[in-house]
Amino acid sequence: MPLDALIPSPDSQGADDLRTALAPFLQAAPDEPARQRFIAHLAQGQQLLGALREAGTVHCSIGVHRDDLDEGAASGGGPLLSFLTVSWRATAVAPRAVTAARAVSGVDAAGVEYVELPAGPVTFSESVRTPRAVDGLPQVPLVQFRAHLPHPDCKRLAVFTLSTTAVGHRDQYRAILHRIASLATFENPLVPTSSEAP
């Protein structure tokens with residue numbers, strides 16, 4: 001989802017569209033306290049999305065699905081949660097292969113890999129982080145996979161980050177991000193090519 005759809009400027013058409021989209025949810029709430037809780041949760045989500053946007057994130061997708069690889073476990077194939085973000089980073093002007101290599105140099109990451117894809121050079125990296133014990137948050141490890149794709153203008157870098165707490169499924173999530181990166185393009189699919197123009 002484009003972040004601007006959920007955190008539009010207050011007096012914009014986007015803000016009106018968001019109010020219209022949320023109206024059925026607010027009307028379906030059983031009472032005023034439930035409506036207020038929904039609004040509070042939405043505001044917290046908007047703060048998080050605002051922080052992501054300040055860090056250069058332009059898109060965020062949330063995935064929730066049943067763990068069909070671990071159905072026999074005690075969890076009964078419980079839900080898996082993942083986040084995919086797409087961010088832009090300004091870079092020093094350099095050949096794309098150099099920018100891709102720089103993106104992973106000096107970082108504390110594993111699984112570093114350089115690949116030539118249809119969209120150009122890309123580097124992959126991954127890391128596992130465990131949050132500090134703060135405010136009672138669970139200390140569940142989070143694995144993050146990143147694909148660093150330099151733009152053809154050689155001035156910026158697209159960073160795809162796939163994050164999940166399903167560390168045991170890291171091979172599957174790594175494959176998902178590799179597939180996403182292999183399908184990425186810097187061309188606008190809505191603009192006709194010169195051969196398609198009338």
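Just so it is clear, the values below take in all heavy atoms, side chains as well, and ignore hydrogens, waters and symmetry mates.
Distance check, rounded to the nearest 0.5 Å: CD1 of Ile62 to OG1 of Thr85 gives 11.0 Å. A distance of 4.5 Å separates CH2 in Trp88 from CZ in Arg156, rounded to the nearest 0.5 Å. Taken to the nearest 0.5 Å, the CZ atom of Arg102 stands 7.5 Å off from the OG1 atom of Thr91. Going from atom CG of Leu162 over to atom CD1 of Ile180 covers 6.0 Å, rounded to the nearest 0.5 Å. With rounding to the nearest 0.5 angstrom, the CG atom of Asp171 is 11.0 Å from the CD1 atom of Ile176. The CD atom of Glu113 sits 10.0 Å away from atom OG1 of Thr123, with the distance rounded to the nearest 0.5 Å.
When hydrophobic clusters are built by joining Ile, Leu, Val, Met, Phe, Trp and Tyr residues whose side-chain heavy atoms come closer than 4.5 Å, directly or via intermediates, Phe83 is not grouped with Leu142. Side-chain heavy atoms closer than 4.5 Å link hydrophobic residues (I, L, V, M, F, W, Y) into clusters, and following such links, possibly through other members, connects Phe160 to Val58. Residues Phe186 and Val115 fall within the same hydrophobic cluster, defined by Ile, Leu, Val, Met, Phe, Trp and Tyr side chains chained together at heavy-atom separations under 4.5 Å. A continuous path of Ile, Leu, Val, Met, Phe, Trp and Tyr side chains, each step under 4.5 Å between heavy atoms, connects Phe25 with Leu18, placing both in one hydrophobic cluster.
His148 places a side-chain heavy atom less than 4.5 Å from the side chain of Val104.
A donor and an acceptor atom, one from each side chain of Gln144 and Thr161, are nowhere located under 3.5 Å apart. Side-chain contact check for Thr57 and Ser87: at least one donor-acceptor pair (N or O, by modelled atom type) lies under 3.5 Å.
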Kindly indicate, with the supporting measurements, whether the criterion side-chain contact (heavy atoms from CB on, under 4.5 Å) is fulfilled by Leu42 and Leu22.
CA-CA 10 Å; Leu42 178 64; Leu22 292 175; 3.2 Å; yes
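Sorted by first then second residue, the salt bridge (charged side-chain N to carboxylate O under 4.0 Å, His left out) pairs that include residues 33-49, not counting sequence neighbours, are Glu32-Arg35. For the salt bridge (charged side-chain N to carboxylate O under 4.0 Å, His left out) condition, the pairs that include at least one residue of residues 17-31, sequence neighbours left out, are Asp16-Arg19.
Val143 pairs in a side-chain contact (heavy atoms from CB on, under 4.5 Å) with only one of the listed residues (His169, Arg129, Arg170), which is Arg170.
Remark: the backbone N or O of Val140 is not paired with any side-chain donor or acceptor of Thr130 at under 3.5 angstrom. Counting only distance, with no hydrogens or angles, the side chain of Arg96 and the backbone of Pro150 share a donor-acceptor pair below 3.5 Å. A donor-acceptor pair is defined here as one N or O able to donate and one able to accept, closer than 3.5 Å; no such pair exists between the side chain of Ser9 and the backbone of Ser12.
With respect to Arg146 and Glu126, no salt bridge is recorded, no charged nitrogen being found less than 4.0 Å from a carboxylate O.
Applying the ring-ring contact (aromatic ring centres under 6.0 Å, His included) criterion to His178, with sequence neighbours excluded, gives Phe124.
Pairing each heavy atom of Arg89 with each of Gly56, the nearest pair is NH1-CA, 4.3 Å. Here the closest non-hydrogen pair linking Ala103 and Leu157 is CB-CD2, 3.9 Å. Contact record, Ala92 with Thr99: O-OG1, 4.3 Å, taken as the closest heavy-atom pair. Looking at every heavy atom in both residues, Ser82 comes nearest to Thr164 through CB-CB, 4.1 Å. Of all heavy-atom pairs between Ala29 and Ala34, the closest is CB-CB, 4.2 Å. Here the closest heavy-atom approach between residue Leu117 and residue Val122 is recorded as CD1-CG1, 3.3 Å.
Atom CG of Asp153 sits in a crowded spot, with more than 12 heavy atoms from other residues, nucleotides or ligands closer than 6.0 Å.
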